Each structure stands twice: as structure tokens, then as C-alpha cells.
2 protein chains.
Amino acid sequence: MARGPGTRAGLTRAAVLDAARVLLAEEGLAALTMRALARRLDVAPNALYSHVAGKTELIDALLDDHLAAVHDPTADAAEPVAAVAALMTSTFDALVTAPDLVPLYLDRRGARGANAVRLGVTMDALLTRAGVAADAIPTARGNLIVHAIGSAAFATADGPPGSRTARDSFVAGLGWLLAGIVRS
Amino acid sequence: MARGPGTRAGLTRAAVLDAARVLLAEEGLAALTMRALARRLDVAPNALYSHVAGKTELIDALLDDHLAAVHDPTADAAEPVAAVAALMTSTFDALVTAPDLVPLYLDRRGARGANAVRLGVTMDALLTRAGVAADAIPTARGNLIVHAIGSAAFATADGPPGSRTARDSFVAGLGWLLAGIVRS
DNA sequence: ACCTGAACACCGTTCAAGT
DNA sequence: ACCTGAACACCGTTCAAGT
């Protein structure tokens, strides 16, 4: 719009996603609209649809990309239970980084992207090595995921951004769940 | 709009909330708009603002009203731990009833209405009687609430509406958390 | 006090057209 | 292939006016 005539925007899918992340971090979820995003990129609103299927697909991509930051312990770690704890804590820390994104994980009821699948596979392997029976793994995994995402959602509620009490609460609950999982 | 001239709509706050509940149940969260709600009530969109401060306040009222369905065990129940389990299970069951509402509890990061406060007070009393130290109660309560809301959010994800596996998973996790809470 | 018409400042998305 | 102008079918909310 403010570009000179004849020039091209030269948009990229990566550029759109990056701008969306910045917009989300700086102004929050309510401000993340297609039109505001286009304004930031100095482009007409419908230009975004050349790189993204729609707002839903954009957000799904944002969610899964965010999980790329989760540190993935090798599935053959020495102590499987400690490795599961580390994996979940890393997930919690990653989620807390983007508070506005967390409720959307609940909306989507668990991300389905490549990174989410990768973490799920790793966790199942670790739980198996920890001695959890095959038919008990879905319950164990489900409870751990609910705990990580739910805790992250509540962590950003009150207290300062770096509130340690929320993280301590998450760690305590994680320990209780893991104790119950390995004992059953 | 389709009413005869001279007649009055005779709206009530309760009528607005009731219609909102019906709309939510029948057509889902995306369909719950002020304008659609007004259409249902055969009224101009802005007429709603005589009975409700805005959409946010309407949803907050919907959320807290929903918690009225939670069975509140007397705080002086014989077995405090069993009473906490019953209270959380009743909360889970109530939440599962309104799947579209559950993600909003996360958005609001825990309802602040009268019913939510009531349940919180009851739970604190039960936890105290169960021998949980005063400074450990916030962590215990927080983990239980996260578990109930998070489990309800995921419960409606896959499987049939009356899926028992989701409820069984919730019950298993609840047991693990309670065991950890009373042991610490 | 309660309701209306009209308006304001937005949305996501589609379509035909240009390069 | 990528981008634009224009439009469609919506939003939540406010304001001045009527009864």
C-alpha cells in the first residue's frame, strides 16, 4: 500500500508466520487478526491467502512451531522417569513463553502437528522403558499432557511473569503423577 | 422486529442468559454472538445491553452459573479425602456437559464468580481436615483444579460423547494427585 | 427504564482482474 | 504465481431518539 508502484511485496510463508509471532507477542491474541497482520506486512489482507490457507491453519502452524523449542531428550536416556520429567518440564517452560497461545492448545484439544507427534512418540518410548504397561500408556500420557498444558494456562494468570510459585506447583504435581504412574 | 407495533419485548436478564445457553448448546461457541442472540430473542442487537454489560460479562455469568450444577459435599464430611475426590469428579462431570465452555475457563484462567469461590472455600476446608499444611494448600488446590478443567477440555476431544475412557483417565490422575497430596 | 434505527470501526474470506 | 481493489456477510458496541 505504501510501496511504490511496480514493486512486489515478495511475501514468504515464513515471513507471514514470523510477523504473526511478533504481533502475538507484542499485542496479544485479540490483536492477531488477518487484517492487522497484512497491515504489518504492508500488504492487502487477501494477499496472505497466497501463503496460508486461513486463520485456523496459520494458528495451527504457530502452535506446532512453538513446540520445536521443546528439548527432546533421547529416548534411550539412562533414567526414563527422569527423562519424562525433563520432557514435560521443558514443554511447560516452552508453553509459558507464549501465554496467549496456551488456551489455543485446549481449543485444538492437543496439537496434531509434526512436533507434537514427535514428542508423543518419545514419551511413549520412555514410559515403556519405565515399565508402564502398553494399555496403561494412553492414560499416563494423557494425564501428563493435561497437567503440562493446564498448568501453563494457569501459570500466567496471576503473579509476575517469572513467577516461581506456578512452576513449583507444576513440578510438585508432575512428581505426584509420575509416582502414581510408575507405581500402578 | 416481527412483533406488532406498540408491544414490548419484555426481556429479562435471565431470559438472555437462558437463550445464550440454548444457543451455545445447539450451535456451539462460534454461533454465540450478540447479534445471533438478539435474533433469537426477536430483539435489536443493542437491546441486550440493557440486561448485560457486554459479551465478556455474559460469558462470565454463563461460566459461573454452570458451576451451580456441581454437587457441593458438606465440608464436614466423614472422609475428607473422599469428599475432595467427589467434589472434583462432580466438577469434571459438570464441565464435560458443556464442552464449548471449557476452553473459556482457561481463557478466564479460573472463574471468579460466586460459585467458583464457594467451591474453593469448601475444598480448602476439606484439604485442611485431610491434614494438608496451610502453606501447601494453594499448590494442592491448584493442581486439582488444573486436572479437572484440563481433563474436561481433552475429554471432549475424541471418542463418543459418553466416552468412559476419558473419565477413567481423569479418575486415575485424580487418585495419583490425591495420593501425592496427602503423603507430602 | 427499556427498546429502536443508524452508525462506527472493525472482522475473515472470496472473486475477478491485473502483472 | 502472486498481488490488488472491491465486495460479501458478518462482528461488538455506542449514541441519540423515542415510548
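Small disclaimer: the values here were computed from a predicted structure and weren't measured. Excluded from the calculations below are hydrogen atoms, water molecules and symmetry mates; all remaining heavy atoms, backbone and side chain alike, are included. Letters A, B, ... mirror the listed sequences (proteins, then strands); counts begin at 1.
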* Which string of ( ) [ ] | and . matches DNA chain C, if you list each base 5' to 3' and count Watson-Crick or G-U pairs only when both distances are under 3.5 Å? -> ||.|||||...|||||.||
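- B/D124 meets the salt bridge (charged side-chain N to carboxylate O under 4.0 Å, His left out) test with B/R141; sequence neighbours excluded.
- Distance noted for atom P between C/dA9 and D/dA9: 23 Å (whole Å).
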* To do: List the steps and the verdict of side-chain contact (heavy atoms from CB on, under 4.5 Å) for A/I59 and A/L101.
  => CA-CA 9 Å; A/I59 286 179; A/L101 231 44; 5.6 Å; no
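- Under the rule for a side chain to side chain donor-acceptor pair (under 3.5 Å), the partners of B/R118 that lie at least two apart in sequence or sit in another chain are B/D72, B/N115.
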* Asked: What string of B, S and - do you get for nucleotides 8-13 of chain D, 5' to 3', if B is base contact, S is sugar-phosphate-only contact and - is no contact with any protein heavy atom under 4.0 Å?
  -> ---BBB
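- In terms of phosphate contacts, B/H51 brings a side-chain nitrogen or oxygen within less than 4.0 Å of OP1 or OP2 of C/dC3.
- For residues 117-141 of chain B, no pair satisfies ring-ring contact (aromatic ring centres under 6.0 Å, His included), with sequence neighbours left out.
- B/R21 pairs by the salt bridge (charged side-chain N to carboxylate O under 4.0 Å, His left out) definition with B/D18, B/D65, not counting sequence neighbours.
- Every residue meeting the side chain to side chain donor-acceptor pair (under 3.5 Å) condition with A/S169, not counting sequence neighbours, appears here in chain and number order: B/N143.
- Every residue two or more places apart in sequence or in another chain that forms a ring-ring contact (aromatic ring centres under 6.0 Å, His included) with A/F170 is listed here: A/F92, A/H147.
- In this structure A/D93 satisfies the salt bridge (charged side-chain N to carboxylate O under 4.0 Å, His left out) test together with A/R167, sequence neighbours excluded.
- For the pair A/L41 CG and D/dT4 C1', the computed distance is 15 Å after rounding to whole Å.
- Nucleotide C/dA1 holds its P atom 19 Å from the CG atom of B/L48, rounded to whole Å.
- Every residue two or more places apart in sequence or in another chain that forms a salt bridge (charged side-chain N to carboxylate O under 4.0 Å, His left out) with B/R40 is listed here: B/E26, B/E27.
- Sorted by first and then second residue, the salt bridge (charged side-chain N to carboxylate O under 4.0 Å, His left out) pairs with a member in residues 168-181 of chain B form an empty list; sequence neighbours excluded.
- Listed by residue number, the members of residues 18-30 of chain A with any heavy atom below 4.0 angstrom from DNA chain C form an empty set.
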